[in-house]
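The figures here come from the full heavy-atom set of this structure, side chains too, leaving out hydrogens, waters and symmetry mates. Lettering of chains follows the sequences in order, A, B, ..., and the numbering in each one begins at 1.
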Number of protein chains: 4
Amino acid sequence: MKPVAQKRRQRDQSQRQLLEATIAAIYKHGVHDATVVKIGEIAGLSTGNIHYHFGSKEEMFAAAMRLLMSGISDELVLELSKADSPLERARAVLRANLSDELFTHRNCFVWLQFWSETARSEELARLERINSQRFHRNLLDALSRLMPREHAERATQELVALVDGLWIRRAQSEGRITPEAARQIADHYLDRRLKTAPSIG
Amino acid sequence: MKPVAQKRRQRDQSQRQLLEATIAAIYKHGVHDATVVKIGEIAGLSTGNIHYHFGSKEEMFAAAMRLLMSGISDELVLELSKADSPLERARAVLRANLSDELFTHRNCFVWLQFWSETARSEELARLERINSQRFHRNLLDALSRLMPREHAERATQELVALVDGLWIRRAQSEGRITPEAARQIADHYLDRRLKTAPSIG
Amino acid sequence: MKPVAQKRRQRDQSQRQLLEATIAAIYKHGVHDATVVKIGEIAGLSTGNIHYHFGSKEEMFAAAMRLLMSGISDELVLELSKADSPLERARAVLRANLSDELFTHRNCFVWLQFWSETARSEELARLERINSQRFHRNLLDALSRLMPREHAERATQELVALVDGLWIRRAQSEGRITPEAARQIADHYLDRRLKTAPSIG
Amino acid sequence: MKPVAQKRRQRDQSQRQLLEATIAAIYKHGVHDATVVKIGEIAGLSTGNIHYHFGSKEEMFAAAMRLLMSGISDELVLELSKADSPLERARAVLRANLSDELFTHRNCFVWLQFWSETARSEELARLERINSQRFHRNLLDALSRLMPREHAERATQELVALVDGLWIRRAQSEGRITPEAARQIADHYLDRRLKTAPSIG
DNA sequence: AATGAATGAGAATTCATTCAT
DNA sequence: AATGAATGAATTCTCATTCAT
């Protein structure tokens, strides 16, 4: 008989597979058409098993959204770890959301699908708020050291909207915008913002 | 009164009611849950009627999206008619998309739902492209007279993304942002853009 | 105002048009898919009108079957009028059902469709029995003068089955059998029957 | 007992039940009114199951027709296995189609329903052709050894039509003809055919 | 853990029929 | 006589979920 640790590992792997498959299915078919059967096929598991692992489709979708969010979080932590000035930190926050790894057609598309599902699931709405607020908070923290509070708040709002808009654009179709171009837009925006805002102290 | 004319009016009214009901249902339940039965209830018409008038649910959704787009178009025409300088025209384009009438929670929410449906319906995707391109073109026309071509193109991209991001934000929940605040963000952005770009002539 | 006779003529024409359209629709789509709307389109009349004229779809189908039957009947009368011996009469009955005008793909196909509808409509079943019995009776009358009663009865049964089978064959697809070939089969069968049966008198 | 084997048996049994129920429903109501719900009720299974097992109603109908055809095929093989001369073989082919087990009101009625559905389903039409050709070929093989080729071909055509006509007759209503009578008709026809055709060799 | 057969509520769609004009 | 908008019951099909194995 297998030791407990091995069993757990196997279980975790199944669940991970299921979450990846969920995202893949949403990317392929859209949330609406990402059915339990299709997800199961991609994951190589039966529908019965999905309910064994996640209880319901909605819980699995929430877990998939969390997986996506943890990817964003990891990227953010990575970028922030390399930044050692407020300006660098602000740039790091933007870069994290527009990196080659994260700012993919797939990611942006799937995220847009979750955005729209927010209307049907309070849990997904909650997760969206958490993600949005984390982005907002990190950016505000950095900008607050570069310009007066009020300016920083406005600049944050604008940058958050700008990045969201870039995600929509990227989600729309493969070729509309590249990560490189998106980063440039955000960076230039930040530069102009800093030039025109009164500096601190 | 001619019976033919009366019948036509009756038909047009039913179709209009159905389209309004479609939008209302999407607003209330999300695209996914805006079923033919619910739409029929809101419109006060039977489900059979939907297929009599539009052939299929999908075609009715496309017609509803077109109705939304014609609202945006009307607003744009109205604003542009009042503008008589390139700068005014650029502002008019932005204001049209962020006006009190258009930049409502309802409109932005429903539009986000259509955005996500783009993945499932080629016709909706086509409509989205038309709308996006019209916005892009009008803004670029105006900005091209205020700054060198290349700058104008970048500025357009940025402003389009910014406005899309503001729509997402507005869609998310009633209170996150007001039309007034959104217009300020866009206007300030434009002002800074003009200050930092080399002027024409 | 139109005279009464003219009105009646107009009404009769509409009804005749509708019956022809019914048959055409059944030929084109099969009974199952010959909907009131499709029939109306072929006839150039609205669905409301169909019910004004026939009360219900089923009644219209029965009327269409009667029209088909009257065609067979006319053909039979015509052929019989030219026959002046028992043998000629027997041949006439067969020829009537296998004539170039009647034994068409269209006729046989539509008749097969009515045959199957017999299961759902007592009225159609009744009509089918009338038609079948008329065929049977006329053939038996003729054959009874050519061979002993018992032989005649058997021969009639056989010939009726043979002709029905030929109709099925013709209904199946355009090319399986020609009227000419069908008539030869029936005639040869009759000849052999007469040769091997004891003659009367 | 292996669970896998058990599941397969369970599945096969359900599918078989569904096919029997399809035939029973067609016999009871006609193809047109043999709805998924009614079939499910007869089979004692839910409607969802029909689509789980067969994908669509049409595919299930095709499978039911194949089941009917395999019954005919079995009967034919059985009869042929007992025949050891060309004449015996010809008789066997006829007897197979007119046996007490096969030539039932139920079978003939259901087959007539499938015949008429041939117009709506290319697959059913294909199956009908296969069945018809098998009958034709087997009969022709036997007759070719009893009379010259050309005679054999005509005799085959005639016998096929005769048997089809007998099926129609049997389908029409319970009492019109018995298997015994049908076999006599076919046998006598064959006898007369052999008498009047030039023999081989 | 895993399977997959079975369920049943709910989805879009079709269509004969009605009815106001 | 004729139209065609409106209805609503019925139909096929989908899909998350359950459950025996």
Side-chain angles (χ1 to χ4, degrees), chain A residues 2 7 10-11 14-15 32-40 44-58 60, chain B residues 1-15 32-33 35-40 44-58 60, chain C residues 2 7 10-11 14-15 33-40 44-58 60, chain D residues 1-15 32-40 44-58 60:
Chain A
K2 293 173 186 175
K7 276 199 178 183
Q10 192 179 324
R11 194 195 59 197
S14 281
Q15 296 194 354
H32 199 128
D33 290 343
T35 66
V36 175
V37 169
K38 283 176 186 161
I39 294 168
L45 289 171
S46 68
T47 63
N49 218 336
I50 286 174
H51 286 83
Y52 174 78
H53 280 301
F54 288 100
S56 76
K57 191 190 177 187
E58 193 178 344
M60 187 169 62
Chain B
M1 184 191 297
K2 287 181 195 167
V4 169
Q6 192 176 340
K7 280 206 176 177
R8 181 176 305 156
R9 202 174 321 133
Q10 188 182 339
R11 191 196 63 197
D12 289 351
Q13 199 204 328
S14 287
Q15 294 190 357
H32 197 131
D33 286 349
T35 65
V36 172
V37 169
K38 284 175 187 160
I39 292 168
L45 290 168
S46 70
T47 65
N49 240 306
I50 285 170
H51 296 90
Y52 176 72
H53 283 299
F54 293 100
S56 75
K57 190 191 177 187
E58 191 175 346
M60 188 172 64
Chain C
K2 295 175 188 174
K7 277 198 174 182
Q10 194 178 327
R11 195 194 61 198
S14 282
Q15 296 194 356
D33 289 345
T35 66
V36 174
V37 169
K38 283 176 188 162
I39 293 168
L45 290 170
S46 69
T47 63
N49 218 334
I50 286 174
H51 285 84
Y52 174 78
H53 281 300
F54 289 100
S56 76
K57 191 188 178 188
E58 194 177 343
M60 188 170 62
Chain D
M1 184 191 298
K2 285 182 195 169
V4 169
Q6 193 176 341
K7 281 207 176 179
R8 180 175 305 159
R9 203 174 321 134
Q10 187 182 338
R11 193 195 62 196
D12 289 351
Q13 198 205 328
S14 288
Q15 295 190 356
H32 196 132
D33 287 348
T35 67
V36 173
V37 169
K38 284 175 187 161
I39 293 168
L45 290 168
S46 69
T47 66
N49 240 306
I50 285 169
H51 296 91
Y52 176 73
H53 284 298
F54 293 99
S56 73
K57 189 193 176 187
E58 193 176 343
M60 188 172 62

> Report the distance from atom CE of B/Met60 to atom NE2 of B/His51, rounding to the nearest 0.5 Å.
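Reported to 0.5 Å precision, the distance equals 8.0 Å.
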> What is the distance, rounded to the nearest whole Å, between atom CD of D/Gln13 and atom P of E/dG4?
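Distance, rounded to whole Å: 19 Å.
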> Taking CG from A/Asn49 and P from E/dA1, how many angstroms apart are they, rounded to a whole number?
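Distance check: A/Asn49 CG to E/dA1 P gives 10 Å.
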> What heavy-atom pair brings D/Thr47 and D/Val36 nearest, and what distance separates the two atoms?
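Minimum heavy-atom separation between D/Thr47 and D/Val36: CB-CG1, 3.7 Å.
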> For F/dA6, does either OP1 or OP2 sit under 4.0 Å from a side-chain N or O belonging to B/Ser14?
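Result: yes.
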> Where the side chain of D/His53 is concerned, which of F/dA16, F/dA1, E/dA6 is the nearest nucleotide?
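Closest nucleotide to the D/His53 side chain: E/dA6.
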> Write down the partner of F/dA6 under the Watson-Crick or G-U wobble criteria, each distance required to be under 3.5 Å.
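Checking every strand shown, F/dA6 finds its partner in E/dT17, with both distances under 3.5 Å.
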> Would you mind reporting whether A/Asn49 and A/Ser14 have side-chain heavy atoms less than 4.5 Å apart?
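Side chain of A/Ser14 against side chain of A/Asn49, heavy atoms only: no contact under 4.5 Å found.
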> Out of F/dA6, E/dA1, E/dT7, which nucleotide sits closest to the side chain of B/Gln10?
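Given the options F/dA6, E/dA1, E/dT7, the side chain of B/Gln10 is closest to F/dA6.
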> For the pair made of CZ in B/Arg8 and P in E/dA20, what is the distance, rounded to whole Å?
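Answer to the nearest Å: 23 Å.
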> On DNA chain F, compare the nucleotides closest to D/Ala34 and A/Asp33; which residue's is nearer the 5' end?
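Nearest nucleotide further toward 5': that of D/Ala34.
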> Keeping the roles fixed (side chain from D/Lys38, backbone from D/Asp33), state whether a donor-acceptor pair exists under 3.5 Å.
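Checked: pair present.
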> Starting at atom NE2 of A/His51, determine the distance to atom C1' of E/dA2, rounded to an integer number of angstrom.
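Value for this atom pair: 14 Å.
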> Tell me which nucleotide, if any, is Watson-Crick or G-U wobble paired with E/dA12 when both distances must be under 3.5 Å.
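Its partner is F/dT11 (Watson-Crick or G-U wobble, both distances under 3.5 Å).
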> The side chain of B/Leu45 lies closest to which of these nucleotides: F/dA6, F/dA1, F/dA16?
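Selected nucleotide: F/dA6.
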> Nearest 0.5 Å, what's the CD1-CG distance between C/Ile50 and C/Leu45?
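Going from CD1 on C/Ile50 over to CG on C/Leu45, the span is 7.0 Å.
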> Rounded off to whole Å, could you give me the NE2-to-C1' distance for the D/His32 and F/dT11 pair?
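These atoms are roughly 10 Å apart.
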> Using heavy-atom distances to pick each residue's nearest nucleotide on DNA chain F, tell me which of D/Gly55 and C/Gly44 is more 5'.
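Per heavy-atom nearest nucleotide, the more 5' residue is C/Gly44.
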> Given atom CZ of B/Phe54 and atom P of E/dT14, what is their separation to the nearest angstrom?
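Distance check: B/Phe54 CZ to E/dT14 P gives 16 Å.
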> More 5' along DNA chain E: B/Lys38 or A/Ile50, using each one's nearest nucleotide?
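The answer here is A/Ile50.
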> State which of F/dC13, E/dT18, E/dT7 makes the closest approach to the side chain of D/Thr47.
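Out of F/dC13, E/dT18, E/dT7, the nucleotide with an atom closest to D/Thr47's side chain is F/dC13.
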> Atom OH of A/Tyr52 and atom C1' of F/dT21: how far apart are they, to the nearest Å?
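Answer to the nearest Å: 15 Å.
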> Please report the distance, rounded to the nearest Å, between CD in B/Glu58 and C1' in E/dA11.
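Distance check: B/Glu58 CD to E/dA11 C1' gives 15 Å.
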> With respect to the side chain of B/Lys57, which nucleotide from E/dA2, E/dT13, F/dA2 is positioned closest?
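Out of E/dA2, E/dT13, F/dA2, the nucleotide with an atom closest to B/Lys57's side chain is E/dT13.
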> Can you identify which nucleotide, out of E/dA16, F/dC13, E/dT7, has its nearest atom closest to the D/Ser46 side chain?
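In terms of side-chain proximity for D/Ser46, the closest of E/dA16, F/dC13, E/dT7 is E/dT7.
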> Can you name the ring-ring contact (aromatic ring centres under 6.0 Å, His included) partners of A/His53, sequence neighbours left out?
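Not a single residue meets the ring-ring contact (aromatic ring centres under 6.0 Å, His included) criterion with A/His53.
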> Kindly point out which of F/dT12, E/dT17, E/dT13 is positioned nearest to the side chain of D/Val37?
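Looking only at side-chain atoms, D/Val37 lies closest to F/dT12.
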